[in-house]
Enquirer: 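Structure incoming, see below.
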Amino acid sequence: SSSLHVKLNHFMIEKSFSIDYKNNCFLKDGKPFQYISGSVHYSRIPQYYWKDRLMKMYMTGLNAVQVYVPWNFHETVQGVYNFTGDRDLERFLDLANQTGLLVILRPGPYICAEWEMGGLPAWLLQKPNIILRSADTDYLMAVSNWLAVLLPKIKPWLYINGGNIISVQVENEYGSYYACDYNYMRHLRALFRYFLGEDLVLFTTDGNTDKEMTCGTLEGLYATIDFGTDTNITEAFSRQRRFEPQGPLVNSEFYTGWLDHWGDQHAVVDVQKVSRVLGEMLTMGANVNIAGEKNLSLWCSADHDTRFRSVVTSYDYDAPLSEAGDPTEKLLAIRDVIKQFRDIPSGPMPPATPKFAYGFVSLRKVGNISGLLNTLSPLGPVESQYPMTFEELKQYYGYMLYRTTLPRDLSEPTPLLSPLNGVHDRAYVSINGVFQGLLERDTKLVMNVTGQQGDTVDVLVENMGRVNFGSKINDYKGLLSNLILGKDVLTDWKIYPLDIDGAIAGGWPHTEIQKSPPATQKEPSSTGPTFYMGTLQPNGLTWDTFLKLNEWTKGQVWINGVNLGRYWPARGPQQTLYIPGPLLSTTLPNNITVLELEGAPAHLRVLFMDRPQLSITAQHH
């Protein structure tokens, strides 16, 4: 019986993951361990493709994936938690486990990652003076409530509990935030320890400067650093050493691609450089996480350095896997580097998903937004003497329409202005349904209008994404201050929150139009915010495709009720929208809905292509 006893003991060895401060490495089950991981965002990939993307990462030779959990993706409405479908985090962890990948989890609560408001829910802004990412009572209470839901779900998935999560990051690059509030970080450390136990490796990640490392690190949280290909590696790791004299070297965010803003040239980082720097880090025994891939729909965000710039919907950042999940030259180069350091799985890399050019579809006009308010704003308007923000009306994303009347006759063109730069972020102005022009945050604060007393003034305001970086993170949307017409302050507003996503998800406009054919009377004009609809006939395929809106100006597209994101070809660099094949039906007509905000081309056509387009030289504004 003693030999049986030995055997049982052999099988019951506890799984462990820890830091070996003597030998400067991680220990997994008592043996030295070096991870080479890649960032993957389940929130940016349809669930249908999770396994495909994870498999490609595994076949590249990665032994772990780093996963962000965006709070606002799971608690869009305060107190209502969603972990189903594309938000089923545990299913994603399970698939990673089945694929043979360990997980490094980044539950935030702030994650940045070019995600709307850095992952913080916009409903936090209902408290007008809230100090986000600090020990502010209101903020901490919301964070504690969220982590009390999220972390217990995570606990069974920890490696030490038989799952695959080897370590968990607390906050994200906190050192670059102006608040530098140690009490906040201490509070988070206490919450993470309370819910996840004392034995888990917790760590922080900060940029490669002394100030960032000083403000972002905390005793009891292992300090790691992040940097891209243009950095002197030895210098960067010696900075990590100043904060962690012993323990493994870690680059938690090795940038292999960089952000595209609308109107910038497409970012490209050279393949040789990525390979060289990766090889050098691995030779030093460092643990590396390789960053870069994809963003869907309204979760786009913005950066604010000197002026407001919103980030392109596509998240291709010249990454190792393209936004359609296709292996690139860069991925294969990374695999060649990893091969020199560890045995990588044999067998071919899973192929690119098949693409199909479904061709042209002609759309027709449904109507301009001013005439569709019964459908788009079913609860009707809120009346207010002065404009109210999106947040005050508890509408956090998308669009709202502000309506008032002209206080007097304007025979001469009269300036309509936003003197305090209060348009967040873009306003489309119509009078009696006729488009007059637009106002835009930081760039266009005045325009001219004419009309008669009593004419209806409609101001459609678009939220282009909340800033997620630096100190300007409290980014309120809508009309934040009064509009002035000549010498009058415009008052007595009717404010319509618009649930465009809801209407379209419910089948509008296609279901409505079948009931009542469109009216034939001539509408005043085809400029200004207007809806168009059409159908792509099924052809038996559900292959991925790319939608190009040639000569359309700026707006948003839905297919079969799903919001695909924004187009703005003139600003570029993105010229196409990626459409995952599983959204399409093989048997039923595929409904296409377009909201064009400024002006549609006369041909009203859109084109489905079998490859993406990014203009390398976009027009600069």
Side-chain angles (χ1 to χ4, degrees), residues 35-70 73-74 82-107 113 153-154 156-159 162-166 289-297 299 314-317 319-328 330-332 334-335 338 342-356 541-546 560 562 564 578-586 612:
Y35 70 72
I36 310 169
S37 69
S39 290
V40 59
H41 300 271
Y42 63 92
S43 49
R44 296 189 156 121
I45 304 167
Q47 187 182 4
Y48 182 89
Y49 282 138
W50 286 352
K51 194 149 185 61
D52 171 78
R53 305 301 192 258
L54 289 165
M55 198 59 189
K56 284 168 179 160
M57 296 176 86
Y58 178 74
M59 293 306 290
T60 305
L62 302 177
N63 53 9
V65 287
Q66 185 158 280
V67 179
Y68 284 107
V69 182
F73 189 61
H74 295 285
N82 185 349
F83 288 95
T84 59
D86 285 346
R87 291 169 166 77
D88 189 345
L89 171 60
E90 292 187 69
R91 177 171 154 76
F92 186 80
L93 294 172
D94 189 34
L95 286 172
N97 204 15
Q98 290 172 33
T99 312
L101 290 163
L102 297 165
V103 170
I104 298 154
L105 196 72
R106 300 178 126 180
K153 286 183 185 299
I154 296 312
W157 290 98
L158 300 182
Y159 184 77
N164 55 339
I165 297 173
I166 53 174
N289 174 66
I290 302 164
E293 27 40 273
K294 157 97 191 106
N295 191 0
L296 280 168
S297 85
W299 297 104
S314 160
Y315 190 75
D316 200 327
Y317 290 5
L321 274 177
S322 78
E323 89 178 297
D326 299 343
T328 63
K330 193 179 280 185
L331 188 78
L332 303 176
I334 286 171
R335 183 174 67 172
I338 295 174
R342 59 180 296 248
D343 293 336
I344 70 173
S346 58
M349 173 66 67
T353 53
K355 314 290 184 297
F356 192 76
L541 293 178
T542 56
W543 290 4
D544 291 2
T545 183
F546 297 88
N560 290 337
V562 176
L564 285 177
Y578 166 59
I579 299 172
L583 280 183
L584 301 175
S585 166
T586 51

Enquirer: Nearest heavy-atom pair of Y35 and A64: which atoms, and what distance?
Expert: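 Heavy-atom minimum between the residues: CB-CB, 4.5 Å.
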
Enquirer: Under the side chain to side chain donor-acceptor pair (under 3.5 Å) test, which residues partner S37, sequence neighbours left out?
Expert: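 Residues passing side chain to side chain donor-acceptor pair (under 3.5 Å) with S37: N289.
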
Enquirer: Could you walk me through whether K153 and L89 pass side chain to side chain contact (heavy atoms under 4.5 Å, CB included), step by step?
Expert: CA-CA 9 Å; K153 286 183 185 299; L89 171 60; over 6 Å; no

Enquirer: Is a donor on one side and an acceptor on the other found under 3.5 Å between the side chain of D544 and the backbone of K355?
Expert: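 No, because the side chain of D544 does not come within donor-acceptor range (under 3.5 Å) of the backbone of K355.
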
Enquirer: Starting at CZ of F83, measure out to CD of E90 and round the result to the nearest 0.5 Å.
Expert: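 Here the interatomic distance stands at 8.0 Å.
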
Enquirer: Tell me, with the steps shown, if D326 and T353 meet side chain to side chain contact (heavy atoms under 4.5 Å, CB included).
Expert: CA-CA 7 Å; D326 299 343; T353 53; 3.7 Å; yes

Enquirer: If every non-hydrogen atom of V103 is compared with every non-hydrogen atom of A96, which pair is closest and at what distance?
Expert: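 Closest approach of V103 to A96, heavy atoms only: CG2-CB, 4.1 Å.
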
Enquirer: Can you see which heavy atom on G325 is nearest to which on K56, and at what distance?
Expert: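 Where G325 meets K56 most closely, the heavy atoms are O-NZ, 2.8 Å.
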
Enquirer: So do the side chains of Y49 and P580 get within less than 4.5 Å of each other, counting heavy atoms only?
Expert: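 Counting from C-beta outward, Y49 and P580 do come under 4.5 Å.
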
Enquirer: Can you tell me how far the CG atom of L95 sits from the CG atom of D52, to the nearest 0.5 Å?
Expert: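 Reported to 0.5 Å precision, the distance equals 11.5 Å.
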
Enquirer: Nearest 0.5 Å, what's the CE-CE distance between M57 and M349?
Expert: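 M57 atom CE to M349 atom CE measures 10.5 Å (nearest 0.5 Å).
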
Enquirer: Roughly how far apart are F92 CZ and W157 CH2, rounded to 0.5 Å?
Expert: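 Between atom CZ of F92 and atom CH2 of W157 there are 11.5 Å.
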
Enquirer: Side chain to side chain contact (heavy atoms under 4.5 Å, CB included) for L583 and L564? Distances and angles first, verdict last.
Expert: CA-CA 10 Å; L583 280 183; L564 285 177; 3.7 Å; yes

Enquirer: Of I166, N97, V65, L62, which meets side chain to side chain contact (heavy atoms under 4.5 Å, CB included) against L102?
Expert: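 Option passing the side chain to side chain contact (heavy atoms under 4.5 Å, CB included) with L102: I166.
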
Enquirer: Measure up the Y578 and F546 rings against each other and bin them: parallel (under 30°), tilted (30 to 60°), perpendicular (over 60°).
Expert: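 The arrangement is tilted - the two ring planes meet at 30° to 60°.
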
Enquirer: My understanding is that only residues two or more places apart in sequence, or in another chain, count here; which of them pass salt bridge (charged side-chain N to carboxylate O under 4.0 Å, His left out) with D88?
Expert: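 Not a single residue meets the salt bridge (charged side-chain N to carboxylate O under 4.0 Å, His left out) criterion with D88.
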
Enquirer: What pair of heavy atoms forms the shortest contact from I36 to N63, and how long is it?
Expert: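 Distance-wise, the nearest heavy atoms are N-OD1, 2.9 Å.
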
Enquirer: Would you compute the distance between atom CZ of R53 and atom OG1 of T99 and round it to the nearest 0.5 angstrom?
Expert: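 R53 CZ to T99 OG1: 13.0 Å, rounded to 0.5 Å.
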
Enquirer: Which atom pair, heavy atoms only, marks the closest approach of I165 to I154?
Expert: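 Result for this residue pair: CD1-CG2, 3.6 Å.
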
Enquirer: As a test of understanding, state which of L332, I338, L331 forms a side chain to side chain contact (heavy atoms under 4.5 Å, CB included) with I334.
Expert: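 Exactly one pass, corresponding to I338.
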
Enquirer: Is there side-chain contact between P345 and Y58, with heavy atoms separated by less than 4.5 Å?
Expert: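 Counting from C-beta outward, P345 and Y58 do come under 4.5 Å.
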
Enquirer: To the nearest 0.5 Å, what is the distance between OG on S43 and OH on Y68?
Expert: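 So the gap between those two atoms works out to 10.5 Å.
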
Enquirer: Any idea which heavy atoms bring P350 and M55 closest together, and the distance?
Expert: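 Result for this residue pair: CG-CG, 3.9 Å.
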
Enquirer: Under a 3.5 Å distance rule, please check whether T542 uses its side chain to pair with a backbone N or O of P582 as donor and acceptor.
Expert: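 A pair under 3.5 Å: no.
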
Enquirer: Please answer whether the main-chain N or O of G61 pairs with a side-chain N or O of R342 as donor and acceptor at a distance below 3.5 Å.
Expert: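 Answer holds: yes.
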
Enquirer: Contact between V69 and Y42 at the side-chain level, heavy atoms closer than 4.5 Å - yes or no?
Expert: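 Yes - at least one pair of side-chain heavy atoms lies under 4.5 Å apart.
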
Enquirer: One pair to check against side chain to side chain contact (heavy atoms under 4.5 Å, CB included): V40 and W50. What are the steps and the verdict?
Expert: CA-CA 9 Å; V40 59; W50 286 352; over 6 Å; no

Enquirer: Any donor-acceptor pair under 3.5 Å linking the side-chain atoms of N82 with those of T84?
Expert: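 Yes, side-chain donor-acceptor contact under 3.5 Å.
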
